[in-house]
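Keep in mind it's a predicted model, so treat the numbers as computed, not measured. Each ligand, and each atom within it, is numbered from 1 in the order the structure gives.
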Amino acid sequence: MLVFGTRPEAIKMAPLYYALKNCPDEFETLVCVTAQHRQMLDQVLQVFGITPDIDLNLMKAGQDLFDVTASVLTGMRDVLKEYKPAALLVHGDTTTTLASAMAGFYGGVPVGHVEAGLRTHDLHAPFPEELNRQVASKVTRWHFAPTAFSKQNLLNERVPEAHIEVTGNTVIDALLWVLDRIDTDEERKAALTQFLGARLPFDWQNRRFILITGHRRENFGNGFLQICEGLKELAYRYPAMHFVYPVHLNPNVQEPVNRLLAGLPNIHLVEPLDYEPFVFLLKHAHIVLTDSGGIQEEAPSLGKPVLVMRDVTERPEAVQAGTVRLVGADRDRIVSNVAELLDNPDSYKSMARAHNPYGDGKACERIINVLRNI
Ligand SMILES: CC(=O)N[C@H]1[C@@H](OP(=O)(O)OP(=O)(O)OC[C@H]2O[C@@H](n3ccc(=O)[nH]c3=O)[C@H](O)[C@@H]2O)O[C@H](CO)[C@@H](O)[C@@H]1O
């Protein structure tokens with residue numbers, strides 16, 4: 001049984017769902033969604049054509065971390081009692097991950113953790129994700145680590161080596177699958193081009209633009225003010241450059257972004273995009289500014305320089321390779337780093353190298369090989 005509740009988990013679990021479904025003689029595959037983020041999860045389910053077998057539908061207005069944790073935990077208790085899966089597969093580091101892994105542990109169902117071993121070693125950055133993944137690791141039987149670095153983090157925490165498999169990240173499986181679907185289907189490509197064209201009032205296929213996303217809890221408040229101030233300064237300084245920002249639905253993001261950035265002629269605020277148009281846009285972007293985890297993995301595969309608006313990252317591989325740079329949620333550092341990439345072609349070139357430290361698109365195959373032998 002696969003369980004997930006948010007957009008990034010769904011993107012990263014979708015290829016695994018299909019890989020398991022393709023082996024019906026070996027596995028009976030069930031999907032349970034908690035719908036921790038209803039709308040953004042549903043977008044992904046639709047893109048990948050997944051109909052959940054179980055839907056806890058637990059998102060409520062005004063819920064906090066206590067509410068989500070408690071309702072996933074008790075919801076999953078009942079699901080596990082009813083369906084008695086042989087294994088429960090969780091992903092990454094959301095509250096759904098933490099509470100489902102705990103439910104598996106309490107209920108005696110072995111847990112497989114996809115994207116295991118990412119660490120910043122700072123429980124407050126990202127908050128609460130670092131805690132979520134550390135606790136999930138404690139109760140996990142099969143650790144599917146995306147890189148050798150994440151494996152080493154687990155070994156340092158005394159996870160037995162026999163319980164860890166380096167698989168690559170399933171996000172690369174998802175990315176390559178979606179890109180291939182766009183590239184091989186002219187009608188789909190035309191529809192996407194039209195969809196994006198209706199939302200972006202400039203020639204985004206031929207003009208340079210910077211793609212921005214941001215939603216990390218630790219950036220709420222001052223962090224988002226700094227990010228918006230930095231973007232505003234850049235928009236004034238580079239009037240010919242376009243800035244495309246799909247704005248996360250969280251009110252802590254919507255409020256400052258709309259207040260400070262709406263109405264600027266070269267900043268384009270759009271609703272969060274479905275995965276397919278987002279990937280298509282990413283492929284055309286000149287620079288990416290983000291605090292997201294998944295985009296730090298996807299963008300290097302496409303050769304896009306990424307400036308990460310955080311002080312730490314659990315994904316050091318691309319930072320070490322020089323294609324991702326940490327700039328913090330800091331107005332001046334955001335401005336100076338973007339300016340350097342725009343003004344200095346050598347700097348740009350040195351960051352714009354396509355490489356795949358996070359996987360080769362075969363992560364699901366490796367995960368299934370482990371599950372086959374249980
Ligand atoms: C820093 C951190 O702790 N991040 C965690 C968070 O995800 P993460 O920070 O990646 O979450 P995001 O909400 O940024 O989602 C990223 C994904 O959404 C896509 N996208 C983005 C914008 C948009 O408008 N449309 C769209 O489809 C991106 O291509 C990417 O695949 O939960 C994931 C799932 O457990 C974990 O893997 C990550 O470690």
Under 4.0 Å to a heavy atom of [X] - the qualifying atoms of ligand 1, by number:
X	answer
Ile11	17 (C), 18 (O), 19 (C), 31 (O)
Gly92	35 (O)
Asp93	2 (C), 3 (O), 5 (C), 6 (C), 32 (O), 33 (C), 35 (O), 36 (C), 38 (C), 39 (O)
Pro272	24 (O)
Pro126	3 (O)

What about [X]: any of its N or O atoms under 3.5 Å from an N or O on ligand 1?
X	value
Thr6	no
Asp291	no
Pro246	no
Thr213	no
Leu118	no

Tell me the nearest of [options] to [atom], using heavy-atom distances.
atom	options	value
atom 28 (C) of ligand 1	Glu298, Glu9, Arg216, Glu276	Glu298
atom 24 (O) of ligand 1	Leu273, Thr170, Val171, Asn132	Leu273
atom 16 (C) of ligand 1	Pro128, Ala125, Ser292	Ser292

Ignoring hydrogens and geometry beyond distance, is a side-chain donor-acceptor pair present between [X] and [Y] at under 3.5 Å?
X	Y	value
Asn250	Asn252	yes
Glu157	Asn153	no
Thr96	Thr34	yes
Asn369	Arg372	yes
Ser137	Arg119	yes
Gln134	Glu130	yes

Just say parallel, tilted or perpendicular for the rings of [X] and [Y], cut-offs at 30° and 60°.
X	Y	value
His248	His37	perpendicular
His284	Trp204	perpendicular
Phe202	Phe209	perpendicular

At a 4.0 Å cut-off, with the gap strictly under it, does some heavy atom of [X] reach an atom of ligand 1?
X	value
His248	no
Glu297	no
Met40	no
Gln296	no
Glu130	no

Tell me: protein heavy atom nearest atom 12 (P) of ligand 1, and distance? His215 CE1, 3.5 Å
Closer than 4.0 angstrom, basic N to acidic O: yes or no for Arg38 and Asp42? yes
Do the side chains of Lys304 and Glu298 get close enough for a salt bridge, i.e. N-O under 4.0 angstrom? no
Ligand 1-proximal atoms of Arg315, by part, heavy-atom distance under 4.0 Å: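 Answer for Arg315: side chain.
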